[in-house]
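Reckoned from all heavy atoms, side chains included, excluding hydrogens, waters and symmetry mates. Within every chain, numbering begins at 1; the chains are lettered A, B, ... in the order of the sequence lines, protein sequences first and strands thereafter.
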Amino acid sequence: MFGTWGSVVLTAVVVLLAVWAGLRLLGPARRFGERRLGWLSAFFLLFALTQAILVLETILLIAGPPVRVREGFSLLEGLFWVRHSVFLVALLCAVAALGVPRLGRGAEDGEKAAQVVPFFLLAQPILLVLQGIGLFYLVVRAAHNHARRSDPGSLRVAIGFALLLLGHLSPFVVEPEGPAVLGIPGGGSALFVLAGTLMLLWSTGGGRSRAGEDG
Amino acid sequence: MAKEYRSRSRILLDVLRGVRDEGEAGVTRLLLLANLSHPRLTEYLKELEDKGWVVRVEEGKRSLWKVTDEGVRVIGELSRVERMMQDFGLDF
């Protein structure tokens with residue numbers, strides 16, 4: 001559907017939108033000392049960083065042969081790992097904003113977890129699956145919230161996270177070249193992510209006043 | 001019964017709305033409206049006064065509280081934060 005440059009442009013727009021959403025949340029988070037808004041803001045800003053790295057990766061890929069940082073390790077590979085690690089941290093920030101029971105029970109557990117982390121980061125499929133699980137959790141939470149509230153705002157958030165999940169999954173159900181599997185056209189990933197980010201950005205404004213409310 | 005969770009922003013909004021709706025409100029009335037203990041209410045009122053969102057008006061021996069123009073703007077802002085946090089499923 002889009003060429004590679006089309007995807008780059010779409011992803012660059014996502015970067016701007018995500019930064020906008022993050023800064024929009026950061027204002028009230030600092031003004032009113034609302035920590036969870038701060039976590040949500042961190043999610044958007046880190047997500048913007050991952051998309052910016054994706055733009056850089058794609059441009060490097062188009063530009064020509066991979067730049068070797070050292071033997072056996074290219075700059076592209078480095079960017080790949082940084083992007084996915086940052087995305088995992090972004091998802092953790094979103095989960096922290098929504099509030100879940102704390103992981104681990106003390107310093108000892110924390111140390112054990114720290115020893116395990118590099119193994120996760122070295123295992124690409126596990127990394128991608130973890131991201132999928134994180135996004136799926138956000139979708140389920142948002143859908144549950146919408147089921148409780150039945151409000152256009154909560155619906156926007158649920159659709160926004162669902163589109164991000166689709167954007168994450170679509171590269172795995174699309175043939176690298178040729179017609180799409182499951183009807184998702186090539187380049188759709190960037191479009192899904194853009195649409196999802198737009199929906200979420202829309203919700204960070206708090207929407208319009210409803211009858212009988214302030215503001 | 002478990003007490004309903006209220007975020008910091010929600011408490012600020014409840015106090016500000018309470019003061020605004022009453023026009024000029026005394027501490028006793030605000031205790032009921034904001035559903036806070038006396039020490040916590042005093043703490044919040046001091047913070048709101050320091051930020052210039054409410055002013056203290058002395059009426060005889062009584063101290064009354066009144067929302068400032070900035071306070072009215074903050075109520076609007078906090079209401080938007082309330083809707084946004086609820087949209088994202090964050091407890092407000």
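With a 4.5 angstrom heavy-atom cutoff, A:Leu40 touches chain B only via side-chain atoms. The part of A:Leu25 that comes within reach of chain B is its side chain, from C-beta onward, which places non-hydrogen atoms under 4.5 angstrom from that chain. For A:Arg31, the parts lying under 4.5 angstrom from a heavy atom of chain B are both the backbone and the side chain.
Counting non-hydrogen atoms of neighbouring residues, nucleotides and ligands closer than 6.0 angstrom, the NZ atom of B:Lys46 reaches no more than 12 such neighbours. Summarising the local packing, CZ of B:Arg8 is surrounded by more than 12 heavy atoms from other residues, nucleotides or ligands at distances under 6.0 Å. For A:Phe136, the CZ atom is loosely surrounded, since the number of other residues' heavy atoms within 6.0 Å does not exceed 12.
For B:Leu41 against B:Val27, the heavy-atom pair with the smallest separation is CD2-O, 3.7 Å. In terms of heavy-atom proximity, A:Arg24 sits nearest to A:Leu201 at NH1-O, 3.1 Å.
With A:His84 as reference, A:Phe80 is the one residue of A:Phe80, A:Phe87, A:Trp81 to meet the ring pair (Phe, Tyr, Trp, His ring centres under 6.0 Å) rule.
Within residues 54-73 of chain B, the residues that have a heavy atom under 4.5 Å from a heavy atom of chain A are B:Glu70, listed by number.
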Determine all donor-acceptor pairs shorter than 3.5 Å in which one atom belongs to a side chain in residues 42-59 of chain A; sequence neighbours excluded.
{"from": "A:Thr50", "atom 1": "OG1", "to": "A:Phe47", "atom 2": "O", "distance (Å)": "2.5"}
{"from": "A:Glu57", "atom 1": "OE1", "to": "A:Arg83", "atom 2": "NH2", "distance (Å)": "3.2"}
{"from": "A:Glu57", "atom 1": "OE2", "to": "A:Arg83", "atom 2": "NE", "distance (Å)": "2.6"}
{"from": "A:Thr58", "atom 1": "OG1", "to": "A:Leu54", "atom 2": "O", "distance (Å)": "2.6"}

